[in-house]
Novice: 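Please read through the structure below; I'll follow up with questions.
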Amino acid sequence: MFCVQCEQTIRTPQGNGCSYSQGMCGKLASTSDLQDLLIYMLQGVSAYAVKAREFGIVNADVDTFVPKAFFATLTNVNFDDDRLVGYAREAQAYREQLKTAYVTACEANGQTPVVIANQGQINLAASKPEMLEQAPVALPNRGDVHEDIMGLRLLCLYGLKGAAAYMEHARVLDQTDVDVAGRFHEIMAFLGEDSIDADKLFTTAMGIGQLNYRVMEMLDTGETSAFGHPEPTVVNTKSIKGKAILVSGHDMKDLELILQQTEGKGINVFTHGEMLPALAYPAFKKYSHLVGNYGSAWQNQQQEFATFPGAVVMTSNCIIDPNVGDYSDRIFTRSIVGWPGVTHVEGDDFSAVIDKALELEGFKYDEIPHSITIGFARNALMAAAPTVVENVKNGSIKHFFLIGGCDGDKAERSYFTDLAKSVPDDSLILTLGCGKYKFNKLEFGDINGVPRLLDVGQCNDAYSAIQLALALKDIFECDINDLPLSLVLSWFEQKAIVVLLTLLSLGVKNIRTGPSAPGFLTDNLAKILEDQFGLRTTTDVESDLKAMMTAA
Ligand code: FS2
Ligand code: SF4
């Protein structure tokens with residue numbers, strides 16, 4: 001195996017990456033290899049999707065399948081070898097379907113079809129052990145190329161993986177776009193060619209960022225059309241007596257189905273992790289049995305799910321080994337999420353989850369409530385903008401910090417808590433993603449009625465934060481980089497990589513990321529990104545804060 005896609009990758013003086021029998025996330029070598037083989041197959045599908053499109057042949061099922069299956073290879077999503085094998089076989093079937101359509105169209109038009117080698121031809125072996133023997137050809141670090149080229153390839157691969165995840169989230173909410181799918185296939189196919197052209201790879205990385213900006217817009221449209229615009233909302237974060245279901249991950253459509261199916265059944269529903277922002281959407285407020293948020297970010301799930309006395313549903317990333325906390329019999333996976341031995345809910349029927357919740361004891365008593373305020377996505381931010389601008393003009397608000405992204409369990413991540421606590425009192429903090437749990441239960445007060453901590457939403461709601469920055473840039477008639485705004489992103493997995501690429505592709509400079517640089521970025525690449533974009537890794541709170549305030 002070789003995997004270097006997330007922040008917790010193994011780092012040694014000999015090189016970075018998980019490459020032994022198991023990754024730091026618990027992913028076995030077999031699972032990692034099958035994921036690589038799946039990606040290889042998907043690149044073949046995309047290559048033929050590109051060729052078929054030359055004749056106007058668009059297969060909507062393929063446009064759905066490829067990003068969705070790619071999402072299954074993202075960190076902490078799918079650890080189930082059988083499901084991965086199934087996706088790979090489906091990919092081969094789709095590739096052959098497209099190949100036939102393409103060849104037929106070529107013949108009908110008197111053209112000689114192009115033969116796509118490697119990913120376009122490989123046939124999967126009959127058994128999993130034999131497939132694993134095929135896997136080395138698909139390793140992400142295949143080929144003997146300069147480490148900078150490899151770093152750029154991986155930046156693109158992992159960035160596109162993040163975009164694929166958001167495409168699938170958008171699709172679930174009926175948001176698809178044939179041009180976005182076409183561009184996605186082009187990039188996927190290009191990455192299958194193992195380019196050694198640094199300029200082209202760098203341009204592709206920026207292209208992935210631009211593509212993802214559009215995808216995040218689609219996702220924003222899907223969420224706000226289905227559920228309304230988030231509004232500032234006070235949320236209880238403590239347990240409430242009664243039977244219970246905990247819903248984690250990003251997929252609010254699943255939350256809606258669960259709420260509909262639990263109505264009147266005496267079950268309280270709680271959000272967890274990245275599902276917290278759902279509580280701010282008007283569509284969910286009509287469900288009185290959606291009672292609040294329980295727990296924190298993904299890395300604490302083995303303690304939090306173990307003590308949650310009900311059923312748990314993982315609608316998307318991030319799942320980790322449920323056997324450690326001994327709750328594998330009451331956790332359920334959905335969509336692309338998978339863990340061997342864990343019940344996977346297909347279709348729209350959550351009765352297995354409901355039955356499990358009814359069978360379990362539930363919370364025995366109410367805890368003393370503790371409330372937090374959430375819901376400052378695009379519309380709420382724009383509504384607050386005039387007051388914010390007035391306070392900037394009269395000197396009450398001097399600086400904005402965006403401190404958000406992914407959470408994780410490394411001790412160094414206390415940096416983000418310390419930073420949030422240390423920013424001057426005349427600053428506002430925007431936050432998003434599961435990284436917010438590092439400080440979202442602390443009290444930050446307000447500035448003339450504007451809360452100092454503004455929770456924008458999930459990681460993909462970076463789109464809302466970008467809209468605010470663009471609006472402020474227009475109001476103050478300046479470049480986005482001249483706003484008194486500092487971005488400090490905690491990264492963990494590939495969604496964060498693509499959000500970063502999006503910000504860079506929009507020309508946002510001087511972003512800090514932490515707690516460490518991606519393991520696939522070489523010193524040369526890091527230097528190029530610093531020179532071109534002012535991108536740097538976090539150091540210590542005092543020095544970073546001083547530098548950010550001086551630059552303002
Ligand atoms: Fe957190 Fe995990 Fe949001 Fe990431 S729950 S690290 O998926 O996408 O953020
Ligand atoms: Fe290692 Fe992260 Fe890959 Fe898991 S996802 S194998 S921890 S790099």
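On a predicted model such as this, the values are computed, not experimentally measured, just so you know. Counting starts at 1 for both ligands and their atoms, in listed order. Reckoned from all heavy atoms, side chains included, excluding hydrogens, waters and symmetry mates.
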Novice: Charged N to carboxylate O below 4.0 Å: is that the case for Glu346 and Arg334?
Specialist: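 Salt bridge: no.
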Novice: Would a line drawn from the ring center of His169 to the ring center of Phe71 be shorter than 6.0 Å?
Specialist: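 Yes.
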Novice: Looking at Glu493 and Lys161, is there a salt bridge between them, counting it only when a charged N and a carboxylate O are closer than 4.0 Å?
Specialist: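 No, this pair does not count.
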Novice: State whether Lys68 and Glu90 are salt-bridged, where the test is any N-O pair (Lys NZ or Arg NE/NH1/NH2 against Asp/Glu carboxylate O) under 4.0 Å.
Specialist: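 Salt bridge between Lys68 and Glu90, a charged N being under 4.0 Å from a carboxylate O: no.
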Novice: Could you go step by step and tell me if Asn524 and Asp148 meet the side-chain hydrogen bond (donor to acceptor under 3.5 Å, both in side chains) rule?
Specialist: CA-CA 7 Å; Asn524 284 339; Asp148 294 339; 2.8 Å; yes
Novice: Return the protein residues near ligand 2 (heavy atom under 4.0 Å from any of its atoms), ordered by chain and residue number.
Specialist: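 Close residues (ligand 2, cut-off 4.0 Å): Met1, Cys3, Val4, Gln5, Cys6, Gln8, Thr9, Cys18, Gly23, Met24, Cys25, Lys27, Thr75.
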Novice: Can the ring centres of Phe305 and His272 be said to be less than 6.0 Å apart?
Specialist: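 Close enough - the centres of the two rings lie under 6.0 Å apart.
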Novice: Considering only heavy atoms of His250, which atoms of ligand 1 have at least one such atom less than 4.0 Å away?
Specialist: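 It comes down to these atoms of ligand 1: 3 (Fe), 7 (O), 8 (O).
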Novice: Using a distance threshold of 2.8 Å, what protein N/O/S atoms lie below it relative to atom 2 (Fe) of ligand 1?
Specialist: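 Hits for atom 2 (Fe) of ligand 1 below 2.8 Å: Cys318 SG.
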Novice: To the nearest 0.5 angstrom, please state how far the CG atom of Asp254 sits from the CG atom of Leu259.
Specialist: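 One gets 11.0 Å once the value is rounded to the nearest 0.5 Å.
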Novice: Please report whether the ring centroid of Phe227 lies less than 6.0 Å from that of Phe284.
Specialist: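 Close enough - the centres of the two rings lie under 6.0 Å apart.
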Novice: Apply ring pair (Phe, Tyr, Trp, His ring centres under 6.0 Å) to the pair Phe439 and Phe416, showing each step before the final yes or no.
Specialist: CA-CA 8 Å; Phe439 48 82; Phe416 298 99; 8.3 Å; no
Novice: Establish, yes or no, whether a centroid distance under 6.0 Å links the rings of Tyr463 and Tyr213.
Specialist: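 Between Tyr213 and Tyr463, which both carry aromatic rings, the centre distance is below 6.0 Å.
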